[in-house]
Structures are given as structure tokens and as C-alpha cells.
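One structure below.
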2 protein chains.
Amino acid sequence: MKNQKRTTIYDIAKKLNLNASSVSRALSNNNNVSAATRELVLKTAAELNYKQNSLASNLRRGHNKTIGVIVPHINQNFFADVIAGLEEVTYQQGYNLIICQSNESYTREVESVNTLINQHVSCIIISVSADFEDDSHLRNILAQGIQLIQFDRVADNLETFKVVNDNERASMEAVSHLITQGYQRIALLEGPQNLNIFKQRKDGYIAALKKHNFEVLPELMIENAWTKELGAIATRKLLNMPMPPDAIFASTSDFSALGVLEVAHKMGVMVPEKLGICGYSNEAFTEITTPSITTIDQHSVDMGKTIANLFFQEMGSEKEVRPKIVNIQPKLIVRSSTLKNKLGRSVR
Amino acid sequence: MKNQKRTTIYDIAKKLNLNASSVSRALSNNNNVSAATRELVLKTAAELNYKQNSLASNLRRGHNKTIGVIVPHINQNFFADVIAGLEEVTYQQGYNLIICQSNESYTREVESVNTLINQHVSCIIISVSADFEDDSHLRNILAQGIQLIQFDRVADNLETFKVVNDNERASMEAVSHLITQGYQRIALLEGPQNLNIFKQRKDGYIAALKKHNFEVLPELMIENAWTKELGAIATRKLLNMPMPPDAIFASTSDFSALGVLEVAHKMGVMVPEKLGICGYSNEAFTEITTPSITTIDQHSVDMGKTIANLFFQEMGSEKEVRPKIVNIQPKLIVRSSTLKNKLGRSVR
DNA sequence: TTTATATTCGCAATCGATTGCTTAGTAATT
DNA sequence: AATTACTAAGCAATCGATTGCGAATATAAA
């Protein structure tokens, strides 16, 4: 079974008393072969169970119909969805995806970039890790003549194609919604501020408060509360304050919003009456908690498709194209956890 | 930016007045080079920002440190987790993953197999699509000398390495648990029976009933109820029967269990008092529904790791190894939705 | 000093497919 | 009949790294 010979175009050529070049041309639908020999070649190729060796073909042609993807974790919903969207489009174009996960580690991210460069991928699509340090490895991608698209978490001062969510606007919209619902003291759970997406969400929160002439209170902004557990801890602290917040915007993820909800339940704080809760990401479970959680949908599968289309449309053209930034508008999904005004929770 | 020249070993060789073979040997830590030249080569390689061309290397050496993975959907938790586990191990061995999704389509599955064969991957890891027709494409993988590991959904009559869950046992355990809790009429939501995993779960259900001398009632076994919507429809039908079930085992997925739960809520049927519910897969949300849902954990990340280890350990050896089947024991996670006996739902 | 052994390195073929160029053969044109 | 135009197919180089073999040089042994 091991290392057996696979049929090559030479095998086909020999069998038909042809030259390998003719076989190659026949298989690639090149017009420099007669219809008769093409037929013959295709027939014997099928008979001998010939499979093209993409390695050889790619080496010769100098490019690889393969796209590399680097994400922090493959099995986080957002990234899994983006990859699913990517695959959908790239598959149709005959491209393959090589997937790497950085595990939020900068070292691994750099290593992954290097293997992808070695593989001669046509494009690298990346969402940088949480302990992102500097962008030399990304610059190296460009230096090797490989296309680069950053998405979601992007290195701000590196000019490349980018597909991002308008985090600031979404965040602003969410907080405005809370204010409209009558919440007065709105707390924020923040993510690591070295990632631009979390900074933008914080900015949106602050902008919304200012717009409505609310005071921006540092004690209501909790750093690094981006897991369910950290969200729970932060909530306990917030609700035990002398003047506790009456709403919490878990800007990091729905998981931290879930932590908020659980603590509220345990402490007997009514949601949404006494505490409004808003998450981020529109994870499947936000629809089915009691009460269901208001959140922000990032159109993740579409994001994947957008990224892929960007590659095939914009970057496929021969002329040098200026890096473009695509801003996807996330959508606020209002559910029961913030509907203080219209009780009865009829909205789904 | 486009099509620029990348540095090759020839560039390094020329600069150092060496032959490319020496450069190659130096870079590959071959002992047939002096320490001095190795130093020199490594230094200039770094200076010139040399990156190995894996295409050329793989072509010459006849193998590709790449593993192909084909799953129905990348963004289903179970598969995403398995892939994450796979990546974890393969990364450490310097292997890359090429990911394809079949979208439950047989045609796409066959096409994906073909591209992976063309790519000369060392191994193909597959969980077959729902409309799996025949295994000729899988046999073709073996015929091309490529390793093959099937997991979860496997083609029964093809002898290859397999990593599966003991679905029948898990299913039996779940139903036995329901019986122990005092449920008397236990319904089953089935998945497509052309997939062996769903057949096994049904077998486990029947075996448990028989073991406890319960009657096996065809009217309580609902076919193809494997999404949330189909689960809901089935539940409505079941609960409107003259003699409705007092427990439903959604053997297909937690999503269908969720459909059951929602219908129960709407119809005012108390869970777990009047209706016990058990799902399958241990999706994240099962922990946080009200009541939380009893389910079965498949150790999905570990499964991925097991598969990868199987490849590196068993199949790496030169001697022909007999295909081996690894059976992973899923774990019943008892939560509130089936705790009729001990009310108060103190268990998490 | 001479012979034997070990190191280090170059030469050239190889992996399989592609492609520019050339040649042979056929058809069309005058 | 002769020249031109065109088609079909072969030749050989190429992509970049690897590797068996042999040559040259250095080192050790006699």
C-alpha cells in the first residue's frame, strides 16, 4: 500500500505512443491537440485512474490554488462561521483552504505564517491573536508576494485589505438602545484593549453616553471581563456597589453576558426590570436563555464570503489595487433582556 | 508586488560560491557539510529572507506533510471541536490541515476527495455526508496509497482505520437513566437511518427498553427529527397523542432536544415532572436552558487528538498495520431535564 | 613520506506537469 | 504544381529542492 506508483502523464503517453506534452495539453483542454487524441487521452486517463499531481503543476506554474487561514481558535462560533463562509466561496473557485489556529499565541501565529509562506499559498487570511506583538510577520507575507487579508481583529497601522465589523457603531447602537429603554447607569465589560475591536466597542459605548449627555464613569467600566467566569466576577462586583448599575453591556461576548445573567439570577436581580443585559456576537444560545439576551449579530458566515469575494474580485486583477477596507454593519438583535419598557417580552 | 522572485537555494549558492546541493544539505541539517559552511548558509538565508518552497520539496520527496479533512459542516460544534483537536496535534508534528466541507452532499464529498488526492496529502480524515451513496471514492483514496481514517459517521463495510463513539452504549445508558428516573413511555427522535451512528443510537434505545422489559412501540419512534424545527414538529405530534410519552430522547442532537423543550414550554408541559428530555452532543447551550438539558458528551476535541495520534503512531510505522477501530466512550451528562426523582434541580 | 580513511562538496538526475519553440504533415490558395 | 497557412505533435527546458555518486581535499595511520 505504501509508496506505490501513481500513474503520471508519462504512463499515459507511453501507452498511447505520445509525448507527455500532448497528454498534458489534452488534459488541460488546450486547443493544440486533435479531438481524436484528446478523446483517447481522456479515456486512458480514466482507465489508468490518473490523478493530476498538483504539487508538480503548482511548482511549474508558480502558484498554488490554496488559501491559508489563521484564526485564534477554529472552534469558536464566530471563526467557525467565517471559515464556513470562506470555504463555500473558495470551493466554487477550485481553491482549497489550509487552516491554522494560533491559540491566541503570537509565536504560533508567526510560525503558521511561515509554513503558509512555504506552502506558496496565494493568499493569507488572518485574524490576529490576543497577544499580538508586532506586524513584521505580516509584512513578510507581503514581501513574499502573497496577498493578505485581515479580518475582524486587524493590525491598525498596517495597510492591507481588511474586512471588519463596524464595532464602534454597533456598540453605540446597543448602548443607545439601553438608554432609550430607560436604563440610567450602564456598565461596560471590556475585552483586552490591545485588540482594536475591543477598543472600538469601548469607544462606541463612550460615544453613546456622551451623545445622550450621560456621565462616563470609570468605575462602571470593567477591564478584561471577556469570559463567562470573568463576566460573572465583574457582575458580582458591580451589583454589590453602593450605586450599582441598572444595565450591563457585555461588549466582549455573549459568554460574558451569560455570566452576568447567571449572577443576576443567583442574586435575585430581575432581568430586564432591574438589570438590562446586552451581549455581543449572537451566539445560538442567546435566543433560548430566560430571558433571551439582546445581542449583536456580526453576519459571520457572510463575512467569510465577503472576504473570499474580495480576494477573487479585487485582488485577482492584474493591476495593482489599493488596499480596501470593507466595513460590515453588525445588527442589533433586541431580545427580552433589555426590554424594560415593553414588558411581557413578546419580542423574539 | 505581483509575481516577484523569491529567493531560492540557488540564490544563496551563487552568493556564496557554493553548489545548491550544499545549501540544501546545510539547511536540512544534513551532516555532509562542514560546520563553517552551514553557519554561512544559515546566515545568508536569513539575510536574503529565504523561505523554503514546500511544493518543490514535496514533489521531490514524494510526500506532503499535509492532511486532508472532510466534514459535512465546519461550523457545527462537534466537527469544529474535532478539527481543533486534530490541528492541535498535527501542528506539533509540523503537518498542515486542508479542510473541506461536503455540505452533506455526496457529489461535493467525491470532488473534495479528488482534490485532496491531487494535492498528494498523506492522509484523508473523513466523516461522510448524510446522502452518502457508495464508498468507491474512499476505496480510491486507498488505491492511491493515501492513508484513510474515518470518524464518527463511517462506512460500515469498508475496512479502514476508524475512530467512533460507542453510540449504542451511550444511547442505552441514556434510556436506562430515563427508566431509572421513573419515566414509563419513552419516545425516540431518530436521525437519517442511512447513517450508521443514528442506527446505532436507535439500537441502543431498543436494547435498553428490552432490557427493562419495556414494550418497543413504533408510534413512539419518529423518523428524521434531527433539527430544532423537526424536533418541535415531532414533539407536538407526540404530545397530542391519546397516550403521550412522558419522556423524549432526542438521539439526533441537542438542537432537536431544544425544539422539544420549546414546545413543552408552549404547551405548558412541565419539564422534568411531566416530560423528561435527553439530547445528544453536549452543546454549550444545554447547560443554560431552563431546565438544563441532560445530554451525552462525545469528547469531540479529544476525538480529534485521538485521530491525529492514530495517524502518527500506528500508520507512521513502515510495516503494514491492520486497520484498527478506536471506540470512544461518550459520557452521559445528567442535568435537570430528566431529574424527575430528585426535584429541586440541584444538580448541575 | 606514503597510504588509507574520512570529510566536504560538486555534478547531474530526479520528482511530474507545463510551455515556448521546432518540425512534420495536411489543407488551402494562387 | 508550387507556395503559403495552419494544425498537430514532439523536443527540451523549466519550476526548486533533494540525493546518489564520485571527485577533491583534509586528516589520520603506517
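Within every chain, numbering begins at 1; the chains are lettered A, B, ... in the order of the sequence lines, protein sequences first and strands thereafter.
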Considering only distance and modelled atom types, tabulate donor-acceptor pairs under 3.5 Å from the side chains of residues 72-79 of chain B, sequence neighbours left out.
unit_1: B:H73; atom_1: ND1; unit_2: B:N103; atom_2: OD1; d: 3.4
unit_1: B:N75; atom_1: ND2; unit_2: A:D81; atom_2: OD1; d: 2.9
unit_1: B:N77; atom_1: ND2; unit_2: B:E283; atom_2: OE1; d: 2.2

B:I12 atom CD1 is separated from D:dA17 atom C1', nearest whole Å, by 12 Å

Give me, pair by pair, the N or O atoms of the protein and of nucleotides 23-27 of chain C that are less than 3.5 Å apart, along with how far apart they are.
none

note: A:N64, atom CG; D:dC15, atom P; distance rounded to Å ~ 18 Å

For residues 136-148 of chain B, the salt bridge (charged side-chain N to carboxylate O under 4.0 Å, His left out) pairs (sequence neighbours left out) are B:D135-B:R139

Between CD1 of B:I9 and P of D:dC15 the distance, given in whole Å, is 12 Å

Residues pairing under salt bridge (charged side-chain N to carboxylate O under 4.0 Å, His left out) where one sits in residues 155-164 of chain B, two or more places apart or in two chains, turn out to be B:E159-B:R322

Residues 14-64 of chain B vs ring pair (Phe, Tyr, Trp, His ring centres under 6.0 Å), sequence neighbours excluded, gives none

In whole angstroms, the gap separating C1' of D:dC11 from CG of A:L18 amounts to 14 Å

Here the salt bridge (charged side-chain N to carboxylate O under 4.0 Å, His left out) pairs for residues 18-30 of chain B, sequence neighbours left out, are none

Residues at least two apart in sequence or cross-chain that pass salt bridge (Lys or Arg N to Asp or Glu O under 4.0 Å) with B:E109, listed by chain then number, are none

So the ring pair (Phe, Tyr, Trp, His ring centres under 6.0 Å) pairs with at least one residue in residues 95-127 of chain B (sequence neighbours excluded) are B:Y95-B:F311, B:Y95-B:F312, B:Y106-B:H137

Sequence neighbours excluded and cut-off under 3.5 Å, please list the side-chain donor-acceptor pairs for residues 12-23 of chain A, or say none.
unit_1: A:N19; atom_1: OD1; unit_2: A:S21; atom_2: N; d: 2.8
unit_1: A:N19; atom_1: OD1; unit_2: A:S21; atom_2: OG; d: 2.9

Of D:dG16, C:dC9, D:dA9, the nucleotide closest to the side chain of B:V33 is C:dC9

Just N and O in the side chain of A:T37: are any of them under 4.0 Å from OP1 or OP2 of D:dA9?
yes

Contacts satisfying salt bridge (charged side-chain N to carboxylate O under 4.0 Å, His left out) that involve residues 30-44 of chain B (not counting sequence neighbours) are B:K43-B:E47

Atom CD1 of A:I117 and atom C1' of D:dG16 are separated, to the nearest Å, by 17 Å

Atom OH of B:Y10 and atom P of D:dC15 are separated, to the nearest Å, by 9 Å

Atom CG of A:N118 and atom P of D:dG16 are separated, to the nearest Å, by 14 Å

- Message: So A:N17, base contact, sugar-phosphate only, or nothing? Heavy-atom distance under 4.0 Å.
- Response: sugar-phosphate

| task | Measure the shortest side-chain to side-chain distance between A:Q150 and A:L138 over non-hydrogen atoms and say whether it is less than 4.5 angstrom. | result | yes

Atom CG of B:L59 and atom C1' of D:dT14 are separated, to the nearest Å, by 12 Å

Closest non-hydrogen contact found for A:I197 with A:D152 is CG2-O, 3.1 Å

Tabulate atom names and distances for all N/O pairs under 3.5 angstrom spanning the protein and nucleotides 19-25 of chain D.
unit_1: D:dG20; atom_1: O6; unit_2: B:R25; atom_2: NH2; d: 3.4

So, with a heavy-atom separation below 4.0 Å from DNA chain D, the residues of residues 38-58 of chain B are B:Y50, B:Q52, B:N53, B:A56, B:S57

